[in-house]
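All values reported here derive from a predicted model rather than from experimental measurement.
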Amino acid sequence: MGVIERGVFSDMTSRQPMPLAIPPAMVKELRHLLASAISDAKAYDVPGLCRRLNLADGDEQEAFSSKYKYAQKRLVEVSAEQVVASARQLAAEEQHFELSEQLAKIDELNGSAVTILTRRRLIALFEGRPLAREIDDIELIRSLWPIGSMRAPHPSDEATLEDYLHRHTIRNDDLTQRDVLETLGLLSCSRAHLFKFLAAVTAPDAFSGNEQVELAEKIDGLLRHDGYTLALAGRISGSPFYAVRPAPSGSPADASISATLAAFDPTQVHARWTMAMERRASEPAGAITLARTLLEDVCKWILDQAGETWQEADDLPVLYRKLAKVLKLAPDDNTEQVFKQILGSCQSVVESLGALRNKLSDAHSPGPKRARPQPRHAELAVNLAGAMATFLVATWEARKSDPVSPTTTPGSSGTGGKKSA
């Protein structure tokens, strides 16, 4: 039973753009790896292979002396761009794990890194637990790394990394899971290979049921700090599988909401919105709490400006109903059926945000059985709160500029209730 192969960030290096500048150390390593890959060929094939890779020609006798030196001599004579192009061509024709890894790292110079700190936290998720429950760890590892041909770490009596892992994880069991993953290079491997590993350990033939979902959620929470997300990619035989993708940087409305709330109140209201946006991915529970508080702030601010009163104990639905009267947003204030429906839906959104906050936010102890909020829940709550806050502010500004529509209730003194400081 093999690990499911899934389409995470592609390791097909030929599709990647050339980075603006490749560090000399990376070019030097690529030259070494390409020369080593070329030297895997038969000596009499090396000259022809070099010609096919657009490297200088030579005779077979030189290749028979040292295949590696033959290739290295020609590689030092060409530019970094040609080394990369030749390496891509060979990697496309033959499987060379280390060569492909170096090409992937070069391609990833253009993108956002997954930091060492995040990688250590990901490794820590497997401390004291297997990499897979449905299959053996060694089977999962073998599907991702060519451990049968990789060298064992020095010093070691084993010839290959597979022999080394078999001895120290199966026969002797004296390596921790952290030791295994660091030996495999998870701290320094390409981003593409890291993502392939994360897709494999959350595949249904590695884990199933709640254990699979919970592991995927933990990985997703860690990746989001670096701008990536482990998202549901589909289902196979009824079970979910996941792939790593860039995390959404925010909804298209974020900028316009920010501008509106900054103009309305640049300190508390806009600050609340900014904090809610920042915590959508990293602290979903806190973001949900801030989403509700944002709407409470806006309602209180507008009620104050309109000379209306409110009580400290008023919750969000109560505040919204008071404000709806001031702004004429109650469904009964409109004769058009479509507007009645829209305004009724707005009221439902506000009440639902209050309920979501009570159920999923960090405002109360979660208890052992309460559902845990996920980034998608926070994204929904914050975006809805931002849209509603913008609508309320825009409606208040329109009411103030419309002489026909009064902005205060006749006879209101603005002193009948307790207001916020």
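- Here His193 and Phe97 bring their ring centres to under 6.0 angstrom of each other.
- Checked against ring pair (Phe, Tyr, Trp, His ring centres under 6.0 Å), His32 has the following partners two or more places apart in sequence or in another chain: Tyr68.
- Residues meeting the side-chain contact (heavy atoms from CB on, under 4.5 Å) test with Arg376, sequence neighbours left out: Gln374.
- Between the side chain of Lys218 and the backbone N or O of Leu122, no donor-acceptor pair lies under 3.5 Å.
- Under 3.5 Å, the side chains of Ser208 and Glu134 contain a donor-acceptor pair of N or O atoms.
- Glu158 and Ser156 are linked by a side-chain donor-acceptor pair at a separation below 3.5 angstrom, with hydrogens and angles left out of the test.
- Here the shortest heavy-atom pairing between Pro204 and Pro240 reads CD-O, 3.4 Å.
- Taking a cutoff of 4.0 Å between a charged side-chain nitrogen and a carboxylate oxygen, Glu93 and Arg52 qualify as a salt bridge.
- With contacts defined as side-chain heavy-atom distances shorter than 4.5 Å, the pair Leu295/Lys300 does not qualify.
- Cation-pi geometry between Arg129 and Phe207 is satisfied (NZ or CZ under 6.0 Å from the ring centre, within 45° of the ring normal).
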Can you list the steps and then say if Arg224 with Asp220 is a salt bridge (Lys or Arg N to Asp or Glu O under 4.0 Å)?
CA-CA 6 Å; Arg224 283 178 177 269; Asp220 178 61; 2.9 Å; yes

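- Looking at Trp310, its side chain never comes within 3.5 Å of a backbone N or O of Leu303 through a donor-acceptor pair.
- No side-chain donor-acceptor contact under 3.5 Å links Ser345 and Gln341.
- Between the side chain of Tyr320 and the backbone N or O of Glu296, no donor-acceptor pair lies under 3.5 Å.
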